[in-house]
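Okay, so here's the structure we're looking at.
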Amino acid sequence: MKSGYYFWSGDIAAAEGAIAAGCRFYAGYPITPSSEIAERMALRLPQIGGKFIQMEDEIGSIAAIIGASWTGERAMTATSGPGISLMNENIGLAIMMEAPIVVVNAMRGDPSTGLPTLIGQGDLMQARYGSHGSYEIIVLYPNSIQETFDLMMDAFNMAEKYRVPVMYLIDALLAHMFERVYVPPEEEIERKIIRRKVPNKVPSRPFEPDDDLVPPMPLIGQGHKIHATGLTHDERGYPNLTPKAQEKLVRRLNEKIIKHEREIWKVEEYKTEDADKIIVSFGGESRAVRNAVNSARKNGKKVGMLRLITLWPFPHEFIKKYTADFYVAELNYGQMYHKVREYADGNNVKLIAKMGGEIHTPNEILKEIGGV
Amino acid sequence: MSLMEDLRYGVEDLLRTERLPHVWCPGCGIGITLNAFLRAVLRRKIDPNKLVVVSGIGCTGRAAGYVNVDSFHTTHGRAIPFAIGIKFARPELTVVVFSGDGDLFAIGGNHFVNAARRNHSILVIAVNNFTYGMTGGQHGPTTPTGAYTTTTPYGNPDRPFNIPHLAISLGAPYVARWTTYHVNQLQNSIYKALGMKGFRLIEVISQCPTVYGRRNSMRTPLSMMEYFEKNSIVKNDASFEEMELKYNEKIVVGEFRVAKDIPTYEERYDEVIRRAKNAD
């Protein structure tokens, strides 16, 4: 896309951000409020020699992008909560096979079919724990259309660098809202692309990690004779159904993310320096929180916002470093609230909950934190 | 060269011999099918570095773990969409799905019908042993009505898929069925299919003496093979009714459909790319 200013929805920005970040393979199934991502990809990918396919369901969609990832493509799918529920088994496969993929979840009111066209933030724990088993995953969540475009670069780079699925949360508010987006010049964007490590020669142990705990990734069709499986496997990739192999593999899959968590964490600290009240927020909801913080500041109240851009791995140091009353504003009945409590170390933590459908008004938030 | 060496020649290079012995029971038909496949690959002179084998879950799903080419052991039922991702991204590769009946037609049935409909250029080798072997012999989408399994202790009330008819109805350009008794026909059929394009299905009726045969008066591998030998009829122009598999009755085998020049999904998408670039 030519450098310049565009007027885009979050869905379009997510698609264009992915293309800018090098995504050339998309498989998906339509679902509100993410469908416009698929539509944009169907239009744009063939223009640049990429591939778009509409699959028969979300399960097929994620299976196809894992297959494509093994050929070396930067591959993505997009869906909403019901689709994520279907994809979760193969999220686990991508974790176990260490296949880099990006999965967008445009969150809507929940549970079940819920509120297809309205905002929800009920999928935060699902994003982290949705597939069965003990694993670490990366979850990012922007809060503007510009950031939806820009942060895609981080999503793909992290997926490729750590060989892990990255869940890219947006919400119905961001998906369908239009804002101005600046697209930088192509050379500037391309400089930011981090390519996955590939082996220099045919490795005898293709799942043997480097010091960063991430193995270079052999690609299909280059003579590596890859074998990848969802079964517990050894460093050759062969099934090894023993507690010892399980301990070695699953520990590394977790530690390769935890080891790099400081590089993965992205948090906006907004007027928190002297704050005695800190509101933790993210995504569409954080726009109301920012407004509330600004109102409180006008009245001399020391209120700030911690906006989590990385939700998982949970950026706990940003909670631990503050002595303040914490408030967690989220569109569910308490999910990240429990994580904040885990690290708040004696500070008060209060949940500001709403079940979704709409974000809080700034006044509702101000009332919850004790008035302006 | 002794006969054994002669038989091994070439095939061993396509196997991860360090992984042997395999998990399959003595007398299982999956090895016969895998052998036929690898010999067909050798005859077709396919570059092993450009061949990809994708399996799902189950006894047959373990096949991907033994072939010495790029190979993927995926989740239950998802071999076909995984393979589609590879083929669509890299159309120059030969992509083969090698999996079982429960994997491909029960849990993976939706992927099968849609992939065949879109005519992705992949070869599907479907080993049909009438049962879920790995989980202990439960009935599946191919178990004949009346058969005894661990979940149909009074006989199967369910009705099996007519797999070749299903594939033909979806427009698949190559559809064949053989049994593990028909080793040469099977190998020739795979050889032929490897030389074609589009969605190709070969159903291989295979013996599972361990958990299927033992409950259906065919306790030994030999008795199952004898059943295949005595009851198979080659009939390429078989009707829908003739292709149906009934409990302990005739098995109609053959090449039921050979159609050339049907555009594949990948070819049709090349046209999409051409149009998109011209529209710029």
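By convention in this document, chain letters (A, B, ...) are assigned in the order of the sequence lines, proteins followed by strands, and residues within each chain are numbered from 1.
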Side-chain (B:Ser71) to main-chain (A:Ile226) donor-acceptor, under 3.5 angstrom: yes
Quick check: does any side chain N or O of B:Arg78 sit under 3.5 Å from a backbone N or O of A:Gly60, one acting as donor and the other as acceptor? no
Roughly how far, to the nearest 0.5 Å, is NZ of A:Lys225 from CG of B:Leu14? 7.5 Å
Pick whichever of B:Ala83, B:Pro48, B:Pro81, B:Gly108 has the most heavy-atom pairs under 4.5 Å with chain A. B:Pro81
Would you check if B:Arg275 and A:Pro46 make a side-chain contact, meaning some heavy-atom pair closer than 4.5 Å? no
Is A:Arg236 salt-bridged to B:Glu18, going by a charged N under 4.0 Å from an acidic O? no
Do other residues, nucleotides or ligands put more than 12 heavy atoms under 6.0 Å from the CZ atom of A:Arg205? yes
Which atom names give the shortest non-hydrogen contact between A:His227 and B:Gly65, and what distance separates them? CE1-CA, 3.3 Å
Side chains of B:His73 and A:Leu93 in contact at under 4.5 Å (non-hydrogen atoms): no
Do the charged groups of B:Arg117 and A:Glu56 touch, with an N to O distance under 4.0 Å? no
Measure distances from B:Val52 to the heavy atoms of chain A and classify the residue's part below 4.5 Å as side chain, backbone, both or neither. side chain
Proximity breakdown for A:Ile59 and chain B, heavy-atom pairs closer than 4.5 Å: both
If we define contacts as heavy-atom pairs under 4.5 Å, which of A:His224, A:Met55, A:Arg24 has the most with chain B? A:Met55
Is there a donor-acceptor pair under 3.5 Å between the side chain of B:Lys50 and the backbone N or O of A:Gly221? yes
Verify, without hydrogens or angle tests, whether A:Lys51 (side chain) and B:Phe88 (backbone) share a donor-acceptor contact under 3.5 angstrom. yes
How many angstroms lie between atom CD1 of A:Ile220 and atom CG of B:Asp70, to the nearest 0.5 angstrom? 6.0 Å
Flag if over 12 foreign heavy atoms under 6.0 Å of OH, A:Tyr135: yes
Within 6.0 angstrom of A:Glu186 CD, more than 12 heavy atoms from elsewhere: no
Does any part of the side chain of A:Ile53, heavy atoms only, come nearer than 4.5 Å to the side chain of B:His120, both counted from C-beta? yes
CE of A:Met97 to CZ of B:Phe72: how many Å apart, nearest 0.5 Å? 6.5 Å
Centre of A:Tyr238's six-membered ring, under 6.0 Å away, within 45 degrees of the axis: is that where NZ or CZ of B:Arg16 sits? no
For the ring pair B:Tyr269 and A:Phe52, is the centre-to-centre distance below 6.0 Å? no
In terms of heavy-atom proximity below 4.5 Å to chain B, should A:Ala228 be classed as side chain, backbone, both, or neither? both
Rounding to 0.5 Å, atoms OG1 (B:Thr75) and CD1 (A:Ile62) come to a distance of 9.0 Å
